[in-house]
Amino acid sequence: MSSTDPRSAARGPDRRAEILDTARRLFAERGFHATSMRDLCAALGMSAGNLYHWFPSKQAIIAAFVEADSAETAARFAVLSAATDLRGALAEQVLGDVALTSEEEVRLILEVYAAALRDPALAPLVRDAEAAARTQLAELLQRAGVPDPDARAVLVIALIDGLISRRALEPGRDLGDLARPLAAMLRGLLGPGDAS
């Protein structure tokens with residue numbers, strides 16, 4: 001089927017999503033470096049040429065994951081910016097995000113970080129995405145009157161990263177028992193200031 005075939009064009013977004021879903025599963029199961037493009041082709045029942053049409057490398061697949069995560073993060077911050085009680089909403093958001101993140105997604109997040117540490121082409125992409133999230137959170141905290149918003153944004157992100165790592169180390173753990181202490185910790189961390 002040629003790339004100009006309307007059936008191929010209509011299948012485009014679905015095929016791209018299928019590739020990303022399969023890569024997500026394989027990277028989480030086997031690791032980024034242990035999964036080859038050939039492995040992806042076999043799992044997808046797709047020729048190498050077809051896969052490379054969509055993604056020229058594994059790094060390009062990771063880039064797609066990072067871009068999607070950045071868009072989701074920006075959307076969450078937009079929702080939080082409308083909260084009347086930022087501290088409470090942030091605590092709920094942090095715990096909800098971590099608790100609802102699947103074990104596969106937790107492993108994928110850690111694989112992306114590990115790949116960025118080893119791969120000079122991926123490192124700036126992941127660093128830039130992290131910096132953008134930190135800046136968005138700091139701006140939100142500043143608007144809410146939180147003192148020293150840059151440093152506190154770093155601490156909130158470190159807390160999220162720590163909870164994600166804990167999920168990897170204790171798969172299947174119910175994080176519900178952390179709701180109250182986490183809310184209290186975030187309220188203390190964000191300090192006095194406007195409630196919104």
Side-chain angles (χ1 to χ4, degrees), residues 13-46 48 51-52 54-77 79 90-134 136-137 153-179 181-182 185-186:
D14 293 339
R15 192 59 162 163
R16 186 176 194 278
E18 180 184 5
I19 293 167
L20 291 173
D21 287 345
T22 301
R24 181 178 289 112
R25 180 177 51 80
L26 291 178
F27 291 170
E29 285 174 7
R30 303 176 186 181
F32 176 73
H33 289 288
T35 304
S36 67
M37 291 295 266
R38 183 177 299 169
D39 294 331
L40 282 170
C41 289
L44 290 158
M46 170 185 285
L51 178 58
Y52 284 109
W54 291 101
F55 295 100
S57 65
K58 288 192 299 181
Q59 287 82 358
I61 294 171
I62 291 284
F65 292 150
V66 171
E67 289 168 13
D69 184 65
S70 294
E72 289 172 16
T73 298
R76 284 194 295 271
F77 286 143
V79 169
L90 186 58
E92 188 175 307
Q93 181 77 51
V94 166
L95 188 61
D97 283 352
V98 174
L100 294 175
T101 301
S102 70
E103 290 179 19
E104 178 181 277
E105 195 71 20
V106 165
R107 288 192 303 272
L108 180 65
I109 290 166
L110 296 177
E111 279 296 323
V112 168
Y113 287 161
L117 289 173
R118 294 184 195 110
D119 189 326
L122 284 175
L125 176 70
V126 173
R127 269 198 311 267
D128 290 350
E130 288 291 311
R134 187 177 64 243
Q136 291 167 1
L137 179 56
V154 170
L155 291 172
V156 169
I157 290 170
L159 177 61
I160 294 167
D161 289 343
L163 287 170
I164 287 170
S165 297
R166 182 58 36 198
R167 285 285 312 278
L169 294 169
E170 297 183 50
R173 177 178 176 178
D174 178 10
L175 298 180
D177 61 334
L178 299 180
L182 178 62
M185 182 186 304
L186 277 171

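Residues L159 and L186 have side chains in contact (heavy-atom distance under 4.5 Å, counting atoms from C-beta outward). Under the 4.5 Å side-chain criterion, counting only non-hydrogen atoms from C-beta, F27 is in contact with I62.
For the residue pair R76 and T73, a side-chain donor N or O sits within less than 3.5 Å of a side-chain acceptor on the partner.
Smallest separation of non-hydrogen atoms from L26 and A43: CD1-CB, 3.9 Å. In this structure, C41 and L51 approach most closely via the heavy-atom pair SG-CD2, 3.6 Å. Taking each heavy atom of I164 and V106 in turn, the nearest pair found is O-CG1, 3.4 Å. Summarising the geometry of F55 relative to M37, their closest heavy-atom pair is O-CE, 3.4 Å, with the distance given to 0.1 Å. Between L40 and A23, the shortest heavy-atom contact is CD2-CA, 3.5 Å. Smallest separation of non-hydrogen atoms from L122 and A115: CD1-CB, 3.8 Å.
Taken to the nearest 0.5 Å, the CD atom of E130 stands 6.0 Å off from the CG atom of D161. Atom OG1 of residue T22 and atom CG of residue L44 lie 4.0 Å apart, to the nearest 0.5 angstrom. Atom CZ in R25 sits 13.0 Å away from atom CG in L20 (nearest 0.5 Å). One distance of note links CZ of F32 with CD1 of I61; it measures 8.0 Å at 0.5 Å rounding. With rounding to the nearest 0.5 Å, the separation of CG in D39 from NZ in K58 is 8.5 Å. From F77, atom CZ reaches atom CG of L90 across 7.5 Å, with rounding to the nearest 0.5 Å.
With D21 contributing its side chain and E18 its backbone, the two residues share no donor-acceptor pair below 3.5 Å.
Scored by the side-chain contact (heavy atoms from CB on, under 4.5 Å) test, S57 finds Q59, A60 as partners (sequence neighbours excluded).
Applying the salt bridge (Lys or Arg N to Asp or Glu O under 4.0 Å) test to residues at least two apart or on different chains, the pairs with a partner in residues 105-123 are R24-E105.
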